[in-house]
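Below is one structure, written out as C-alpha cells, with a few remarks after it.
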Amino acid sequence: MDKKRDLSEEYFFAAAAALETKAEAKNFFKFLCTEKETQLIAQRLYVAKLLSENRVYSDIVEQTGASSATVSRVKRAMETDREYFKKLLGKLNEQL
C-alpha cells in the first residue's frame with residue numbers, strides 16, 4: 001500500500017475504534033456508506049453469526065438473501081482467523 005492509503009486507513013480505523021454507542025456507529029456508517037453498502041456489510045456479519053452456529057449454507061442463503069459465494073467468502077475469512085471471529089461474535093452476543 002502507498003503512504004496516503006495507509007494514513008487514510010489508519011484514520012478510518014481510529015475513527016471506528018473511537019465509537020462508543022450503537023447510535024454513533026449508525027451515524028458513522030450512514031455518513032460513510034450508502035444504504036446498500038451498509039446492508040451488505042451487515043449481511044456478511046450476520047452470515048458469520050449463522051456460520052458460527054453451524055447453520056447449513058442453504059438455510060443461511062434463505063434467511064439472509066446472501067449468495068452462496070458470499071457465504072463461502074465469509075466462511076473462508078472466519079477460518080483464516082477463528083479466534084478473532086469467536087471473540088467478536090462473543091462480544092456481539094453479550095450486547096444483544
For F12, all residues meeting ring pair (Phe, Tyr, Trp, His ring centres under 6.0 Å), sequence neighbours excluded = F28

key: Separation of S58 OG from Q63 CD (nearest 0.5 Å)   = 11.0 Å

Other cluster members, Y11 - Ile/Leu/Val/Met/Phe/Trp/Tyr, side-chain contacts below 4.5 Å = none

ask   = Roughly how far apart are E79 CD and S72 OG, rounded to 0.5 Å?
value = 9.5 Å

request  = Please identify each residue that fulfils salt bridge (charged side-chain N to carboxylate O under 4.0 Å, His left out) with R55, with sequence neighbours left out.
outcome  = E53

ask   = In Å and rounded to the nearest 0.5 Å, what is the OG1 to CG distance from T64 to D59?
value = 10.5 Å

Fellow cluster residues of L40, listed by chain then number, with links counted only when side-chain atoms sit under 4.5 Å apart = none

task = Hey, could you give me the OG/CZ distance between S68 and R73, rounded to the nearest 0.5 Å?
result = 10.0 Å

task = Mark yes when over 12 heavy atoms from residues, nucleotides or ligands other than Q39 sit less than 6.0 Å from its CD; otherwise mark no.
result = yes

ask   = Members other than L89 in its cluster, when Ile, Leu, Val, Met, Phe, Trp, Tyr link by side-chain heavy atoms under 4.5 Å?
value = L45, Y46, V47, L50, L51, Y57, I60, V61, V71, V74, M78, Y84, F85, L88, L92

task = Sorted by first residue and then second, give each salt bridge (Lys or Arg N to Asp or Glu O under 4.0 Å) pair with at least one member in residues 10-38; sequence neighbours left out.
result = none

